[in-house]
Engineer: 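One structure, as structure tokens, below. Some questions next.
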Amino acid sequence: MNNNFTGKKMCWVLLMTLFSTCAFAQTKLGGQVTETSSNEPLAGVSIQIKGKVIGTITDAKGNFSFSVNSPPPFTLVISSVGFQTQEINVSGGQTDFQIKLSEQVILGQEIVVSASRVEESVMKSPVAVEKMDIRGIRETPSPNFYDALANLKGIDMATQGVLFKSINMRGFGSTGNPRTVQMIDGMDNQAPGLNFPLDNIIGMSELDVESVEILPGAASALYGPNAINGLILMNSKSPFLYQGLSANVKSGVMHESHRSKATTPFIDGTIRYAKAFNNKLAFKVNLSYIKAKDWEATNYSNLNVGGNADPTRGAGTDVDYDGVNSYGDEVQTNINAVAQTLAANGLLPSAAVGLVPSTFVSRTGYLEKDLVDYNTKSFKANAAIHYRISDKIEAIAQINYGYGTTVYTATGRYSLRNFNLTQAKLELRGDNFTVRAYTTQERSGKSYLAGLAAVSMLNEIKPHATWFGQYTGAFATARAQGANEADAHLAARKTADAGMPAPGTDAYRQLLDKYRNMPIVNGGGGFADKTNLYHVEGFYNFKNQIKFIELLAGANFRQYQLRSGGTLFSDQKEGRDGTIPINEFGAFVQAGKSLLSNHLKLSGSIRYDKNENFDGQFTPRLSAVTTFGEHNIRLSYQTGFRIPTTQNQYIDLKTPSGTLIGGLPEFDARYNLANGILRQNLSTENILKTIQGDPSIIQSATAYATAAVTQAVTAAVTTQVNAAVAAGQIPNVPAAIQAAVTAGVQGALPAALQARVPGLVTQLAPAFALAKLPKYQTTKLRPERIASYEIGYKSVIAKKLFIDAYYYISKYTNLIGGTVIVVPTAAAQPGLPIESGIGAGNFNGYSRTVNTSETITTRGFALGLNYALPMGFNVGGNLANNELSDFTPSPEVQYSQFNTPKYRYNLSFGKRITSTSMFGFNLAYKYQQAFLWESSFILPSGTDVPLFSNTTVPSISNLDAQVSMKVSSIKSIIKLGGTNLFGKSYIQAYGSPNVGSTYYVSITFDELLN
């Protein structure tokens, strides 16, 4: 009875729902949209119901028709890229609309969502926002939309390859920036094992990009950890609003004179198809493929400073040469220590030891261009299904897949071969809420660290100990035969390098394949990262419940699963089974209120985040925007933080110059860091200062030298006495023998001590001084924080001139950097302190993630001007300044890695294609000042070499241009363009490749092109 009653109730509810739906479905709308001046129909124009997800687009004849499950009144929003948006109030009765759209010539009319997570005018945004839309992408002379972002105000870019470019903002630039968050359709685009966005290797094809919004500065208050220096939001096209078939083919040549082959072709093809059914169900599919010969890194400057930039190691090259893009030459040792070991083992005459100087010598390495795969390729696939559950709710299932080969710069140069990343999401969204769950699956394919592969190759060709032994023996022989030191070094290297296979030979290729495919844990250079990320989030806008203020709240949960087979993380140590889970959660609330007849808007937000390895973090944000006519002034206080990345926490990676380790306590004990010494304390200047300030060092060195000379004299006298006994000159009686030895030692020792001890003390004092240097004191790793103050101004003057300016000052605490710790493994000689081994090359080096104890201030400003000229012409420019005000090295963080030009500017002049003009063009000039690049990749291998004394990125002056033509008969736009037309190659990050010129022609087809 009860079950039957329940069933009847359900049927009744279902019937009522269907009845209501049918009743509401009676509102049918239709009409046509045309262009104002030409009266030509406009295809693909969006017709939306304001505050709902329901809507459609016009067909090829400009007509539209759809039904609404809601009675009037409501508002129609008619929009299309390049045209002024219209809103039409529908109160009932009228169902057929004849709408005319005018081209948008007034600047600053864009709507953005990134600044507050709600739609608002870019003019009234509470923080700085940059936006590139479909029209901007169409007009750029850059080869693709991602490259074009460098033309926006305050955006710096670091190119590591054709496919890999890192966006940096407001300083602390890097080639894999963990301080910038990039999101594609709401999904964090970071590779969870590498911890930074992979450019656009995965994600959207250019045909599917609707807009890109960029927030320079802190955005953690709304978007959570790591958006400390900027946020990039990439939004794709809805298959409801952008339907039909579109395709693009782009091809041309790349030229750079330092490459193995200066001029090479490239191909870039993209296709998109989207279809909607009954305004309820829609889908889209995108496919994209790029193939090119990559830019090459050919910087052979000596990081150890001095001599020729010559990786072939000819005359005039320092013997401890460590080339920037030459690998394997990081392996070095002190050949005098080798000579002493050889002599102790009877492999070198003792007298020859004095012929070998106390000099560090490095192995002969291989060039990057012979080690990495420069055959760049990328395949991207994207598919999505959208279903409108009701007028107010839309469900989305989406998957993005990217597969490619490229090169990127971190602590070394990584060859990402067959690297792939998959993102999948389920999303439910309405006009006032979003619930989203997604996963990112990272697979490293056959990727490897070029430098580590080179070291392993050299060690198989000839073990390091054997190579240095042969080098030292050959050097001593050459010196004994009268050669000077320079010639002796050349002869020694030729001897030690014998049997080294040349690049291009079968032997070399076999060796390279062996070690680039061999996992790091087995002695090769390959890493096997299979890290996953899982994320769920939701936020709700209370606009339908609360009217007197704008109130928004949200929360999220995230889990990382680090899995690298021990090649990248410590996931097979500490009793782990190959996976390290890391959990994070966060929540925020934001409120806003308009006052004084909408002349003033105040808003504030606060967020709390917690990572299981670190203390929780609160990040507030306050802003005020005043509006008087077209003038908008904003003030904001923003805070942000970044949780140490998964690598900052758990990396355990061997590199040619040492081992990269995380900053968690487990690494301190595992690698005996308490017995280590900070690299900067090992300078010759500091060691001499230590000797001068501690008399016990000379005393210890004197005692050791005295004992060594006494032992040597005693051994020599004993040998003489034994010879005399054998000759019958001394009776073979123990007492007589001992007496003879004692007498001989007493006679010879004073002169020997006087002659040899002072010299030995000079040599030995540094060994004892090393033992007196302070040992490394571990510190707790903490999240990095920023507090930023900003004032901005936006205005449109006379409906022609758009002005956007801001000034900011930011203060960083707990800035995350790295410190190098040298841990001795064996004494240089028996009886010496174990720390003496550092001077003989007997040590392990570790680069550990740490925080600075200093507060760091940065400041800067930016100004953008754009002027709309008649007939679609426009001229514009922007200037950005970023300065590091007061970086003070702390005991651990010795350098800032600010890596940003003080000034950079962009100038542009162009004409867009309009409804009345089929031709367009654009000229873009870019300039940035020279600046110093600081990173772990370019640390010298020598411990007594100043950091970054020769790592300046030169200034850059580039001119890009394009001309384009609309061919309406085939619904296509043909573009001819080129970048870096001056032809002078440049670098954007020290140690990364030389970037040359690109010349291309493209054709873009869109069946709904107006």
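Computed from a predicted structure; not experimentally measured. Counting from 1, the numbers follow the sequence of the chain as shown.
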Engineer: Under the 3.5 angstrom rule, does the side chain of Glu206 hit a backbone N or O of Phe145 as a donor-acceptor pair?
Structural biologist: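 Side chain of Glu206 to backbone of Phe145: a pair is present.
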Engineer: Considering only heavy atoms from C-beta outward, does the side chain of Leu865 approach that of Leu863 to under 4.5 Å?
Structural biologist: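 Of all side-chain heavy-atom pairs linking Leu863 with Leu865, at least one is under 4.5 Å.
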Engineer: Have Asp133 and Ser211 got a donor and an acceptor in their side chains that come within less than 3.5 Å?
Structural biologist: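 Asp133 vs Ser211: no donor-acceptor pair found between side chains.
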Engineer: Tell me, please, which residues at least two apart from His386 pass ring pair (Phe, Tyr, Trp, His ring centres under 6.0 Å).
Structural biologist: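 With sequence neighbours excluded, His386 shows a ring pair (Phe, Tyr, Trp, His ring centres under 6.0 Å) to no residue whatsoever.
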Engineer: Can you name the nearest heavy-atom pair linking Leu551 to Ala591, along with the distance?
Structural biologist: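 Between these two residues, the closest heavy atoms are CD1-CB, 4.1 Å.
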Engineer: With the threshold set at 4.0 Å, does a side-chain nitrogen-carboxylate oxygen contact exist between Glu537 and Arg436?
Structural biologist: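 Salt bridge present between Glu537 and Arg436.
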Engineer: Could you tell me which residues satisfy side-chain hydrogen bond (donor to acceptor under 3.5 Å, both in side chains) with Asn89, sequence neighbours excluded, listed by chain and number?
Structural biologist: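 Expected list: Thr75.
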Engineer: Output yes when a side-chain donor or acceptor of Lys380 lies under 3.5 Å from a complementary backbone atom of Met204, and no otherwise.
Structural biologist: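 Flag set: sc Lys380 to bb Met204 pair under 3.5 Å.
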Engineer: Mark yes or no for whether Asp185, through its side chain, and Ser236, through its backbone, hold a donor-acceptor pair below 3.5 Å.
Structural biologist: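 Yes; at least one donor-acceptor contact below 3.5 Å.
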Engineer: Any idea which heavy atoms bring Val45 and Ser79 closest together, and the distance?
Structural biologist: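 Reported closest heavy-atom pair: CG1-O, 3.5 Å.
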Engineer: Sequence neighbours excluded, which residues qualify as ring pair (Phe, Tyr, Trp, His ring centres under 6.0 Å) partners of Tyr637?
Structural biologist: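 Testing Tyr637 for ring pair (Phe, Tyr, Trp, His ring centres under 6.0 Å), a comparison that skips the adjacent residues, returns Tyr789.
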Engineer: Looking at Asp804 and Lys153, does any basic side-chain N land under 4.0 Å from a carboxylate oxygen?
Structural biologist: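 Here Asp804 pairs with Lys153 in a salt bridge, since their nearest N and O are under 4.0 Å apart.
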Engineer: Do the ring planes of Phe539 and Phe588 sit parallel (below 30°), tilted (30 to 60°) or perpendicular (above 60°)?
Structural biologist: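 Aromatic pair Phe539/Phe588 classed tilted.
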Engineer: Does Leu207 reach the side chain of Phe1005, with side-chain heavy atoms less than 4.5 Å apart?
Structural biologist: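 No, their side chains stay 4.5 Å or more apart.
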Engineer: Just to verify, what does Glu550 make a side-chain contact (heavy atoms from CB on, under 4.5 Å) with, not counting sequence neighbours?
Structural biologist: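 Expected list: Lys601.
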Engineer: Main chain of Arg634, side chain of Tyr806: is a donor-acceptor contact present, judged purely on distance under 3.5 Å?
Structural biologist: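 Answer holds: no.
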Engineer: Going by atom types alone, do Thr36 and Ser102 pair a side-chain donor with an acceptor below 3.5 Å?
Structural biologist: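 Yes, because at least one side-chain N or O of Thr36 sits under 3.5 Å from a partner of the opposite role on Ser102.
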Engineer: Could you tell me how the ring of Phe542 sits relative to the ring of Tyr540: parallel (under 30°), tilted (30 to 60°) or perpendicular (over 60°)?
Structural biologist: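 Ring orientation of Phe542 relative to Tyr540: perpendicular.
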Engineer: Check Asp208 with Arg272, please: is the shortest side-chain N to carboxylate O separation under 4.0 Å?
Structural biologist: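 Looking at Asp208 together with Arg272, the answer is yes, because their closest N to O distance falls below 4.0 Å.
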Engineer: My understanding is that only residues two or more places apart in sequence, or in another chain, count here; which of them pass side-chain hydrogen bond (donor to acceptor under 3.5 Å, both in side chains) with Asn151?
Structural biologist: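 Checked Asn151 against side-chain hydrogen bond (donor to acceptor under 3.5 Å, both in side chains); zero matches.
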Engineer: Between Asn382 and Asn286, is any side-chain donor less than 3.5 angstrom from a side-chain acceptor?
Structural biologist: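 Yes, side-chain donor-acceptor contact under 3.5 Å.
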Engineer: For Phe97, enumerate each residue passing the ring pair (Phe, Tyr, Trp, His ring centres under 6.0 Å) test, keeping only those at least two apart in sequence or located in another chain.
Structural biologist: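 With neighbours one apart ignored, the set is empty.
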Engineer: Can you check whether Lys100's main-chain N or O pairs, donor with acceptor, with Gln86's side chain at less than 3.5 Å?
Structural biologist: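 Checking the backbone N and O of Lys100 against the side chain of Gln86, a donor-acceptor pair under 3.5 Å is found.
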Engineer: Check residues 274-282 and write down every donor-acceptor pair under 3.5 Å in which the side-chain atom is one partner and the other belongs to a residue at least two apart or another chain.
Structural biologist:
from	atom 1	to	atom 2	distance (Å)
Asn279	OD1	Arg388	NH1	2.7
Asn279	ND2	Gly55	O	3.0
Lys280	NZ	Arg388	O	2.8

Engineer: Check the pair Ile47, Val33 against side-chain contact (heavy atoms from CB on, under 4.5 Å), reporting the backbone distance first and the verdict last.
Structural biologist: CA-CA 10 Å; Ile47 315 294; Val33 180; 4.0 Å; yes
Engineer: Let's go through Leu233 and Val212 carefully: what are the C-alpha distance in whole Å and the side-chain angles of both, what is the deciding distance for side-chain contact (heavy atoms from CB on, under 4.5 Å) to 0.1 Å, and is it a yes or a no?
Structural biologist: CA-CA 6 Å; Leu233 288 184; Val212 181; over 6 Å; no
Engineer: Please list all pairs passing the side chain to side chain donor-acceptor pair (under 3.5 Å) test where one or both residues lie in residues 51-63, with sequence neighbours left out.
Structural biologist: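 Pairs touching residues 51-63 that pass the test: none.
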Engineer: Quick one: does any side-chain atom of Asn69 pair with a main-chain N or O of Asp391 as donor and acceptor, under 3.5 Å?
Structural biologist: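 Here the side-chain-to-backbone pair does not exist.
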Engineer: Of the options Met234, Gln398, His535, which is the one that meets Met187 in a side chain to side chain contact (heavy atoms under 4.5 Å, CB included)?
Structural biologist: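 Of the listed options, the one satisfying the test is Gln398.
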Engineer: Can you confirm whether more than 12 heavy atoms, excluding those of Ile385, are under 6.0 Å from its CD1 atom?
Structural biologist: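 Check fails, neighbour count at 12 or below.
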Engineer: Is there a donor-acceptor contact under 3.5 Å from the side chain of Glu139 to the main chain of Ile134?
Structural biologist: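 Answer holds: no.
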Engineer: Taking side-chain hydrogen bond (donor to acceptor under 3.5 Å, both in side chains) as the test, write out the residues that go with Ser142, two or more places apart.
Structural biologist: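 With sequence neighbours excluded, Ser142 shows a side-chain hydrogen bond (donor to acceptor under 3.5 Å, both in side chains) to Thr140, given in chain and number order.
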Engineer: In Å, rounded to the nearest 0.5 Å, how long is the span from CD1 of Ile970 to CD1 of Ile1003?
Structural biologist: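 Answer rounded to 0.5 Å: 4.5 Å.
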Engineer: Quick check: does any side chain N or O of Lys593 sit under 3.5 Å from a backbone N or O of Phe548, one acting as donor and the other as acceptor?
Structural biologist: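 Yes: the side chain of Lys593 pairs with the backbone of Phe548.
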Engineer: Quick one: do Lys543 and Asp431 make a salt bridge, cutoff under 4.0 Å?
Structural biologist: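 So Lys543 pairs with Asp431 through a salt bridge.
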Engineer: Name all residues meeting the ring pair (Phe, Tyr, Trp, His ring centres under 6.0 Å) criterion together with Phe909; count only those two or more places apart in sequence or in a different chain, and write none if there are none.
Structural biologist: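 Applying ring pair (Phe, Tyr, Trp, His ring centres under 6.0 Å) to Phe909 gives Phe921.
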Engineer: For Thr627, does its backbone N or O pair with a side-chain atom of His599 as donor and acceptor, under 3.5 Å?
Structural biologist: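 Pair found, side chain donor or acceptor close to backbone of Thr627.
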Engineer: Given the ring of Phe873, does Lys911 sit roughly above its face, with NZ or CZ under 6.0 Å from the centre of the six-membered ring and within 45° of the axis?
Structural biologist: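 Flagged: Lys911 positioned over aromatic ring of Phe873.
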Engineer: Does Val77 offer a backbone N or O that forms a donor-acceptor pair with the side chain of Glu87 under 3.5 Å?
Structural biologist: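 Not a single qualifying donor-acceptor pair exists.
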Engineer: By side-chain hydrogen bond (donor to acceptor under 3.5 Å, both in side chains), which residues pair with Tyr242, not counting sequence neighbours?
Structural biologist: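 Testing Tyr242 for side-chain hydrogen bond (donor to acceptor under 3.5 Å, both in side chains), a comparison that skips the adjacent residues, returns Glu210.
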Engineer: Once side-chain contact (heavy atoms from CB on, under 4.5 Å) is applied, do any residues pair with Ile606, and if so which ones, sequence neighbours excluded?
Structural biologist: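 side-chain contact (heavy atoms from CB on, under 4.5 Å) list for Ile606, sorted by chain: Val589, Phe618, Pro620.
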